[in-house]
Q: 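My structure is below; once you've seen it, I'll send some questions.
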Amino acid sequence: MAVAVEEIVRRAGGCAVIDGGFATQLEALGADINDPLWSAACLITKPHLIKEVHMQYLEAGADVIISSSYQATIPGFLARGMLLEEAEGLLRRSIELALEARDEFWKSTLRKSKPVYNRALVAASIGSYGAYLADGSEYSGSYGEDITAEKLKDFHRRRLQVLASAGPDLIAFEAIPNKMEAQALVELLEEENIQVPSWICFSSVDGKNLCSGESFAECLQFLNASDKVTIVGVNCTPPQFIEGIIRELKKQTKKAIAVYPNSGEIWDGRAKRWLVSTTCYT
């Protein structure tokens, strides 16, 4: 499947386009995501809107669409009173919706005399442990002294197994804020012998380090050594930092680089709202 990633990048002219903000588009379609599950709540209440967002991004030219599972966790679903089977079913459904949208869109594209799209890849989103906590720690990397790499692997293990078995083209670990979680994910990919190629994208608040303050270089030492990780990068990071981060990553890795910044706003984890940044862009 790594060949598929390389091929779509080649067909896209060396730079494949990842889709955009998922929750933003859901809200634009009328969804209420004021929920601990955030956009993943629509897997329960309005799955048709999830598919519609995928279709919109495909129409806009996305080469990679990301599933609606960023904040979809088994503990989160169980807390809603669901059974384990129901929780795992919703994780699979997030991939099915993306695959259905991709395949339907591609069939419609092939009917046109001059197709202008690539057949998109589907990435299964796995958010950080901090995203599950929903306390803003995904932007600080501070999980508390009692959190260990083994606990993080236990948290991610079953979700990774279920999503990987649902047929995505990629696994997308998103907004990883610290070295410990990144290393736990690499070890987990090896332990579970996951055959789906993965990307690990970090979050940063200063453009030089992870949100935890640890350097990208520290993480790339073990990411570069992993055959399970095909792509590295950053997401949910202010746009003014992206060019500098790309330059540094290109010096430190030969892997493909993924970047998809936020809009430049700042997330207030306590108030659960975005704050307007006072940063001036040049």
Side-chain angles (χ1 to χ4, degrees), residues 19 21-23 25-27 29 31-54 65-102 122-138 143-144 146-177 181 184-185 187-189 191-196 198-201 236 269 272:
D19 64 8
F22 208 91
Q25 284 303 103
L26 281 174
E27 286 187 308
L29 293 174
D32 181 4
I33 59 173
N34 184 22
D35 188 284
L37 292 173
W38 199 36
S39 58
C42 287
L43 287 167
I44 304 170
T45 60
K46 295 184 178 180
H48 65 286
L49 293 185
I50 290 175
K51 188 172 180 178
E52 176 61 25
V53 171
H54 288 315
I65 58 172
I66 303 175
S67 71
S68 56
S69 51
Y70 175 80
Q71 206 145 329
T73 66
I74 292 175
F77 287 135
L78 294 180
R80 292 287 285 267
M82 294 185 171
L83 300 175
L84 177 61
E85 293 79 6
E86 294 174 310
E88 293 183 355
L90 287 171
L91 288 174
R92 294 188 185 92
R93 187 59 180 148
S94 71
I95 306 303
E96 291 168 359
L97 288 167
L99 292 171
E100 288 171 9
R102 188 270 307 276
V122 170
S125 174
I126 297 181
S128 67
Y129 177 66
Y132 158 68
L133 296 177
D135 61 357
S137 58
E138 64 194 292
Y143 290 166
D146 61 329
I147 295 299
T148 64
E150 289 303 315
K151 288 183 178 180
L152 289 172
K153 283 192 282 187
D154 289 342
F155 169 77
H156 285 293
R157 191 179 306 275
R158 185 54 186 160
R159 176 165 59 156
L160 173 60
Q161 291 171 338
V162 171
L163 289 173
S165 68
D169 302 298
L170 294 160
I171 302 291
F173 296 104
E174 302 190 279
I176 304 304
E181 188 162 21
L185 293 172
E187 292 174 6
L188 186 58
L189 289 168
E191 290 173 11
E192 296 299 321
N193 193 25
I194 300 299
Q195 297 301 306
V196 183
S198 300
W199 80 45
I200 292 183
C201 281
C236 211
K272 301 290 189 297

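For reference, positions follow the sequence shown, starting with 1.
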Q: What's the shortest heavy-atom distance between Leu49 and Ala31, and which atoms?
A: CD1-CB, 3.9 Å
Q: In terms of side-chain heavy atoms, does His156 have a donor or acceptor partner in Glu181 at a distance below 3.5 Å?
A: yes
Q: Walk me through whether Phe155 and Tyr132 qualify under ring pair (Phe, Tyr, Trp, His ring centres under 6.0 Å).
A: CA-CA 10 Å; Phe155 169 77; Tyr132 158 68; 5.1 Å; yes
Q: Any idea which heavy atoms bring Ser67 and Ser69 closest together, and the distance?
A: OG-OG, 2.6 Å
Q: Measure across Leu163 and Ser94 and return the closest heavy-atom pair with its distance rounded to 0.1 Å.
A: CD2-OG, 3.9 Å
Q: Which heavy atom of Pro168 sits nearest a heavy atom of Val196, and at what distance?
A: O-CG1, 3.8 Å
Q: Judged by modelled atom types alone, do Glu138 and Ser128 share a side-chain donor-acceptor pair under 3.5 Å?
A: no
Q: Side chains of Phe173 and Leu189, heavy atoms from C-beta outward: is any pair under 4.5 Å?
A: yes
Q: Can you tell me how far CD1 of Ile194 sits from OG of Ser165, rounded to the nearest 0.5 angstrom?
A: 8.5 Å
Q: Measure across Ser68 and Leu43 and return the closest heavy-atom pair with its distance rounded to 0.1 Å.
A: OG-CD2, 3.5 Å
Q: Sequence neighbours left out, what passes salt bridge (charged side-chain N to carboxylate O under 4.0 Å, His left out) with Glu88? Give chain and number order.
A: Arg92, Arg158
Q: If you round to the nearest 0.5 Å, how far is CG of Leu26 from OG of Ser39?
A: 6.0 Å
Q: With Gln71, which residues qualify under side-chain hydrogen bond (donor to acceptor under 3.5 Å, both in side chains), at least two apart?
A: none
Q: Can you tell me how far OG of Ser198 sits from CG of Leu170, rounded to the nearest 0.5 angstrom?
A: 8.0 Å
Q: List the steps, then state whether side-chain contact (heavy atoms from CB on, under 4.5 Å) holds for Phe22 with Val53.
A: CA-CA 7 Å; Phe22 208 91; Val53 171; 3.7 Å; yes
Q: For Ala124 and Ile95, which heavy atoms make the closest approach, and how far apart are they?
A: CB-CD1, 3.4 Å
Q: Does Glu100 come within less than 4.0 Å of Arg93, counting only side-chain N to carboxylate O?
A: yes
Q: At what distance, to the nearest 0.5 angstrom, does CD of Gln161 lie from CG of Leu91?
A: 11.5 Å
Q: Given Leu99 and Arg102, is the side-chain contact (heavy atoms from CB on, under 4.5 Å) satisfied, shown in steps?
A: CA-CA 5 Å; Leu99 292 171; Arg102 188 270 307 276; 3.3 Å; yes
Q: Can you tell me how far the OH atom of Tyr70 sits from the SG atom of Cys236, to the nearest 0.5 Å?
A: 6.0 Å
Q: If you look only at distance, which donor and acceptor atoms sit under 3.5 Å apart when one is on a side chain in residues 73-85 and the other is two or more places apart or in another chain?
A:
unit_1 : atom_1 : unit_2 : atom_2 : d
Thr73  : OG1    : Gly76  : N      : 2.9
Arg80  : NH1    : Asp35  : OD1    : 2.9
Arg80  : NH1    : Asp35  : OD2    : 3.0

Q: Nearest 0.5 Å, what's the NZ-CG distance between Lys151 and Asp146?
A: 4.5 Å
Q: Tell me, with the steps shown, if Arg157 and Asp154 meet salt bridge (Lys or Arg N to Asp or Glu O under 4.0 Å).
A: CA-CA 5 Å; Arg157 191 179 306 275; Asp154 289 342; 3.8 Å; yes
